[in-house]
Amino acid sequence: MFACINRIVRCLPFFVLLVGFCSAVQASDNWQSRVLPLSSPAQSTTLFSIAGSNTVGARLAPELVAAFLRAHGFSNVISKPIADNRQQISGYWDGEQKKFTANVMVEAKGSSTGFKALLNGEADLAASSRPIKQQEVIKLSSLGDMESSDSEHIVAIDGLAIIVSPSNPISKLSLTDIQRIFSGKVTRWSEVGGNQG
């Protein structure tokens, strides 16, 4: 079986992980339209919600949402946990004609959950730490082309380094070898030029 991990494999390219958001075209309405009915400072509204990737939703999405609210004139922007892997980011709007609290919900339970929430109308944005799968594209086709630049937005790129034990004589792995290892097709180092076993 595979050895303990503590040495970078020489000459190995980094995996690149695209981190982004998918949104339904009709869900990209101007956020201000959601607050037009509000008339009381005590009122609050949910501007939009994000569901999906833990990689995106745990820290990155809440920070992006807080920056979005500040950039649009909201004050007293705070983030608070509501439940496991769920946060509410809130800001206060103090306009001449309207005063209200706006909330954005962020739920981080995995990329697949974001696409399901988008399909079920439970989220406006799906956060994903992987490209959308073809079956997800098909299921979400009624909401628009999820692979178009209007729907899919890359917000970060993540790199992964593959490392092995110093006792492992492997000095180089191809991307094909790495794909075979992580897919479970390779289960012994000897299958990729390492020690027998």
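Note: hydrogens, waters and symmetry copies are ignored here, and every other heavy atom, side chains too, is used.
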A.B. asks: Decide if atom CG of Asn120 counts as having more than 12 heavy atoms of other residues, nucleotides or ligands within a radius under 6.0 Å.
C.D. replies: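 Check passes, neighbour count above 12.
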A.B. asks: Parallel, tilted or perpendicular: which fits the ring planes of Phe74 and Phe100, with parallel below 30° and perpendicular above 60°?
C.D. replies: perpendicular
A.B. asks: Can you name the nearest heavy-atom pair linking Val106 to Gly57, along with the distance?
C.D. replies: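 Of all heavy-atom pairs spanning Val106 and Gly57, the closest is CG1-O, 3.6 Å.
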A.B. asks: Grouping I, L, V, M, F, W and Y whenever their side-chain heavy atoms are under 4.5 Å apart, do Phe48 and Ile89 come out in a common cluster?
C.D. replies: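 Yes, one cluster joins them.
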A.B. asks: From the options Pro131, Ser141, Ser112, Ser128, select the one residue that forms a side chain to side chain contact (heavy atoms under 4.5 Å, CB included) with Glu136.
C.D. replies: Ser112
A.B. asks: In this structure, which one of Gln134, Lys133, Lys139, Gln135 forms a side chain to side chain contact (heavy atoms under 4.5 Å, CB included) with Val137?
C.D. replies: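 When Gln134, Lys133, Lys139, Gln135 are each tested with Val137, the side chain to side chain contact (heavy atoms under 4.5 Å, CB included) holds only for Gln134.
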A.B. asks: Judged by atom type as modelled, is there a donor-acceptor pair below 3.5 Å linking the side chain of Thr45 to the main-chain atoms of Leu47?
C.D. replies: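 Checking the backbone N and O of Leu47 against the side chain of Thr45, no donor-acceptor pair under 3.5 Å is found.
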A.B. asks: Indicate the atoms forming the closest heavy-atom contact of His153 with Ser151, along with that distance.
C.D. replies: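 Looking at all heavy atoms of both residues, the shortest contact is CD2-O, 3.5 Å.
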A.B. asks: Using distance alone, with no hydrogens and no angle criterion, decide if Thr46 and Asn103 have a side-chain donor and acceptor under 3.5 Å apart.
C.D. replies: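 Note: Thr46 and Asn103 side chains miss the donor-acceptor criterion.
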A.B. asks: Specify the closest pair of heavy atoms between Ile50 and Ala127, including all atoms of both residues, with the distance to one decimal.
C.D. replies: CG2-CB, 4.0 Å
A.B. asks: Just by distance, do the side chain of Glu191 and the backbone of Arg188 share a donor-acceptor pair under 3.5 Å?
C.D. replies: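 Flag set: sc Glu191 to bb Arg188 pair under 3.5 Å.
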A.B. asks: Using atom types as modelled and distance alone, determine if a side-chain donor or acceptor of Asn54 lies under 3.5 Å from a backbone N or O of Gly110.
C.D. replies: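 Flag set: sc Asn54 to bb Gly110 pair under 3.5 Å.
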A.B. asks: Any side-chain heavy atom of Asp150 within less than 4.5 Å of one from Asp145?
C.D. replies: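 Side-chain contact under 4.5 Å: no.
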A.B. asks: Would Leu173 and Ile181 satisfy side chain to side chain contact (heavy atoms under 4.5 Å, CB included), going step by step from the backbone distance to the final call?
C.D. replies: CA-CA 10 Å; Leu173 291 170; Ile181 290 168; 4.2 Å; yes
A.B. asks: Could you see if Val104 belongs to whatever hydrophobic cluster contains Trp93? Use Ile, Leu, Val, Met, Phe, Trp, Tyr and a side-chain cutoff under 4.5 Å.
C.D. replies: yes
A.B. asks: Less than 4.5 Å apart, side chain to side chain, heavy atoms only: is that true for Glu147 and Ile132?
C.D. replies: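 Glu147 vs Ile132: side chains touch.
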A.B. asks: Is there a side chain to side chain contact (heavy atoms under 4.5 Å, CB included) between Met146 and Leu143 once you walk through the steps?
C.D. replies: CA-CA 8 Å; Met146 291 295 116; Leu143 299 177; 4.0 Å; yes
A.B. asks: Are Phe182 and Val192 connected in the hydrophobic side-chain network, where two residues link if heavy atoms are under 4.5 Å apart?
C.D. replies: yes
A.B. asks: Treating Ile, Leu, Val, Met, Phe, Trp and Tyr as nodes and any side-chain heavy-atom pair under 4.5 angstrom as an edge, say whether Met105 and Val77 lie in one connected cluster.
C.D. replies: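 No; Val77 is not reachable from Met105 via cluster members.
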A.B. asks: Ignoring hydrogens, what is the shortest heavy-atom contact between Ala108 and Ala58? Give both atom names and the distance.
C.D. replies: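 Taking Ala108 first and Ala58 second, the nearest heavy atoms are CB-N, 3.9 Å.
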